[in-house]
Amino acid sequence: MASKGIHLLCLLFSLAWIVLETEADNYGTLKKKHWDYPRTTPPKGVSYCNYMMKSRRINYLRFNIFIHASEHQLKNICPKYDDGEWTTDNPFSITTCTGHVDDYSTTRSTIMIVVFCRKGLPIEFRALAP
């Protein structure tokens, strides 16, 4: 009987670990795809977007935004315990990449952004705020 309790406890801890890892992966995915701070300087003769899209292995995308804000600023977009879409209080420095493999155009701007938050972390970039 006691071994069933231990097995159940181990199962619950394993499930909790998987959930926490999945949430961390979502934040990690957002960072890999959209975060670049401080802004990377590409090699001479290579455009920022061509370099970043290829180095992040996301050059199959036709559009991407890179956010140039500290990790502290990125995490502070989201309230601690509230899930859902949130718009930044202040504009962020961003770079917009549009095009296709090795032929991206690069546009820099400062604008408010919208992210989806879960448990106090941004996990998905949603839009540029008007």
field: Pairwise side-chain contact, L30 with L121, heavy-atom cut-off 4.5 Å (strictly under)
entry: no
- prompt: Rounded to the nearest 0.5 Å, how far apart are SG of C78 and CZ of R118?
  reply: 11.0 Å
task: Test I65 against F92 for side-chain contact (heavy atoms from CB on, under 4.5 Å), laying out the working first.
output: CA-CA 11 Å; I65 298 287; F92 278 49; over 6 Å; no
message: Hydrophobic clustering (ILVMFWY, side-chain heavy atoms < 4.5 Å, transitive) - are Y37 and L74 grouped together?
response: yes
- prompt: Is it the case that one hydrophobic cluster holds both V114 and I123, taking links as side-chain heavy atoms less than 4.5 Å apart, direct or via other members?
  reply: no
query: Stepwise, does the side-chain contact (heavy atoms from CB on, under 4.5 Å) test hold for K54 with D102?
result: CA-CA 8 Å; K54 188 172 186 176; D102 295 331; 4.1 Å; yes
field: Any side-chain donor near an acceptor of the partner, T96 and T107, under 3.5 Å
entry: no
- prompt: Got a second to check how far T106's OG1 is from M53's CE, nearest 0.5 Å?
  reply: 10.0 Å
- request: Verify side-chain contact (heavy atoms from CB on, under 4.5 Å) between V115 and R126, making sure each step is shown before the conclusion.
  value: CA-CA 5 Å; V115 296; R126 289 284 172 97; 5.7 Å; no
- line: To the nearest 0.5 Å, atom OG1 of T88 lies from atom CD1 of I111 at 9.0 Å
task: Ignoring hydrogens and angles, tell me if any N or O in the side chain of T40 forms a donor-acceptor pair with the backbone of P42 under 3.5 Å.
output: no
- prompt: Transitively linked via ILVMFWY side-chain contacts under 4.5 Å: V101 with Y48?
  reply: no
message: Going by ring-ring contact (aromatic ring centres under 6.0 Å, His included), H34 matches just one of F125, Y27, F66. Which one?
response: F125
task: Determine whether M52 and Y104 make a side-chain contact, defined as any pair of heavy atoms from C-beta on separated by less than 4.5 Å.
output: no
- prompt: Hey, are the side chains of R56 and D36 touching, using non-hydrogen atoms and a 4.5 Å cut-off?
  reply: yes
field: Point-to-point distance, once rounded to the nearest 0.5 Å, from CH2 of W35 to CD1 of I67
entry: 10.5 Å
task: Would you give the length of the straight line joining atom CD1 of I77 to atom CD1 of I113, rounded to the nearest 0.5 angstrom?
output: 4.0 Å
message: Is it the case that over 12 heavy atoms from other parts of the model lie below 6.0 angstrom from the CZ atom of F116?
response: yes
- line: In short, S93 meets R108 closest at the heavy-atom pair OG-NH2, 4.5 Å
message: Other residues, nucleotides and ligands only: do more than 12 of their heavy atoms fall within 6.0 Å of OH on Y81?
response: no
statement: The reported gap from CG in N76 to CG in N90 (rounded to nearest 0.5 angstrom) is 11.0 Å
